[in-house]
Protein chains: 2
Amino acid sequence: MSKEATMEVLIIEDDPLHRSYLHDAVRAALPECDTVLEAENGRIGEGLARQHRAAHIVMDLQMSERNGIEAARTIWKERPDTRILFWSNYADEAYVRGVSRIVPEGAAYGYVLKSASDDRLKLALRGIFMESQCVVDREVRGMQQKSLGNSHGFTDVEYEILIDIALGLTDRMIARRQNLSLRSVQNRLQQLYEKLDVYQRLGDDGDEGRYNLRSRAVSVAFLRKLINYSALERAEAELNEWLGIK
Amino acid sequence: MSKEATMEVLIIEDDPLHRSYLHDAVRAALPECDTVLEAENGRIGEGLARQHRAAHIVMDLQMSERNGIEAARTIWKERPDTRILFWSNYADEAYVRGVSRIVPEGAAYGYVLKSASDDRLKLALRGIFMESQCVVDREVRGMQQKSLGNSHGFTDVEYEILIDIALGLTDRMIARRQNLSLRSVQNRLQQLYEKLDVYQRLGDDGDEGRYNLRSRAVSVAFLRKLINYSALERAEAELNEWLGIK
DNA sequence: GCGAAATATGCGGGATCCCGCAAGACAATC
DNA sequence: GATTGTCTTGCGGGATCCCGCATATTTCGC
């Protein structure tokens, strides 16, 4: 084994076409890479990462068997210095937030959209794997700021309660889960409704367009991509875990 | 123009890789096809279909600008004999049901998963475009039967009320929309809760796992892929239209 | 330390939701 | 026609949700 330039890259990606495209891109961008592993979903990817002690991973977020965020979380839990490039179709706030929540202190990672050019992808590959940089696409970055800066975005508490009502919990249950009084939960809910611009227009004549605030909030959160299927899936798993512990 | 074998195929697909793969597949499967048009989202696809009077279309369902079901609906509304092959990643009940709802009487169409083999895709292309057959993948077919046969599936009324609570409407509003009494709406809701296996387990000790049935129903419907983002998006559009008319 | 602002909690009432009970409407079957 | 089954509607009550008002607690800047 020559001391210079030996490197292994693991690709975790649902779609065969995208997988082979990624494979080519990795080969082209990283001549020092001598082996490329491929996994077709998160579960298999986790296994391969563990088995090969993979240090360089590029993965999709939206996968059927086990989505990218779950896989990344367990991988990072075992080896926090793993470098991961997320290569996704979308910059939904749910994804961006999900990633931000799990990236370990000081880890090198990236978030590049599939719609990005070849060059952007290759630059990101080199930046993260060779230079330990963090490379985040502009579109994603914009979402991140809107998400964290609470100008128009949502604080973590608001987000958590949003998840809880999306899961269908009662106020009382949420209170217990978040260690709050019932009234506080309701307070936060109102806060949330306001930010989501959800309100019952009890029209002057008494029966204008009228929503169930709780359900409506979940609805617009979905439409605004604040939450999506995979976020819900993860939240459901966490809830069940908590219910088990309790 | 020779009287034999002149044919135009329109491809509507988000992803460049998939688009070019489709292009190749069409060329290979249909030598009688002399022109292939490409559109990168539903909106553009609709325009091209209208402009070229496209009779043969293959399209993705999940697209950003305007999803496949919406596009297909307007296309079929203008020319119901258009032959459309849906080529999708998923067989979510929401998609399958959405397609079944819009396919015109006696139209030739197909539903093939992206995970299918080259041969399956090519067979479907020839079957639909040349032989006017309906070609539906086995996995999708299974979903369709489960959906229509009410063994474990949902009737249309149940599905409609599910959509309505997913949109966040109140009982009263739903009643008005469906032309029902308030009590009937609540009846159907209970029917829905039962089928979704959603119930408040007011545990023996009084405070066991407890859900808000309405929100929880939406939640599990999402997790079971009875509804998904694009279904919600469509429903929201229809709701706004109705609100405008009213 | 000390106000100010944000957040958490309690109380209470009106609206909505969940649902058992029962009576009428309609269709299908015998 | 009688019966059975499904669907609809009304009534009523208990639980939950939505939210205004008031008080405590925490957080932050100075």
Proximity to the side chain of B/Leu180 - top-ranked nucleotide from D/dC18, C/dT9, D/dT8: D/dT8
Whole angstrom value for the distance that separates C1' of C/dC19 from CG of B/Leu192: 15 Å
From C/dT9, D/dC11, D/dG20, nucleotide with atom closest to A/Gln190 side chain: D/dG20
Residue pairs fulfilling ring-ring contact (aromatic ring centres under 6.0 Å, His included) with at least one residue in residues 215-235 of chain A, sequence neighbours excluded: A/Phe222-B/Phe222
Ion pair check, B/Glu241 and B/Arg234, cut-off under 4.0 Å: no
Length of the line joining B/Glu194:CD and C/dC18:P, which is rounded to integer Å: 15 Å
Chi angles and distances behind the side chain to side chain donor-acceptor pair (under 3.5 Å) call for A/Gln62, A/Asn228: CA-CA 11 Å; A/Gln62 182 177 7; A/Asn228 58 19; over 6 Å; no
Heavy-atom side-chain proximity of A/Gln191 to A/Glu158 below 4.5 angstrom: yes
Pairs under 3.5 angstrom, nitrogen or oxygen only, protein versus nucleotides 13-17 of chain D, please.
from	atom 1	to	atom 2	distance (Å)
D/dT16	OP1	B/Arg210	NE	2.6
D/dT16	OP1	B/Arg210	NH2	3.1
D/dT16	OP2	A/Arg172	NH2	2.9
D/dC17	OP1	A/Asp171	N	3.1

Atom-pair distance (CG on A/Asn179; C1' on C/dT7), nearest Å: 16 Å
Residue pair A/Leu243 / A/Met173, side-chain heavy-atom distance below 4.5 Å: yes
Gap between atoms CG and P, on A/Leu189 and C/dT7 respectively (whole Å): 15 Å
Toward the 5' end of DNA chain D, by each residue's nearest nucleotide, A/Asn187 or B/Ser184: B/Ser184
Heavy-atom side-chain contact between A/Ile227 and A/Leu232 under 4.5 Å: no
Difference in axis direction between the ends of the helix from C/dG1-D/dC30 to C/dC30-D/dG1, five pairs, 10°: 40°
Closest contact, heavy atoms only, B/Val103 versus B/Ser100: CG1-O, 3.3 Å
Identified side chain to side chain contact (heavy atoms under 4.5 Å, CB included) counterpart of A/Trp87 within the set A/Leu125, A/Leu113, A/Leu121: A/Leu121
B/Arg188 CZ to C/dC19 C1', straight-line distance once rounded to whole Å: 17 Å
Heavy-atom check, side chain of A/Arg188 versus side chain of A/Ile174, under 4.5 Å: no
Base of C/dG24 paired with side chain of B/Arg183 (donor-acceptor, under 3.5 Å): no
Whole-Å gap separating C1' (C/dA6) and NZ (A/Lys195): 13 Å
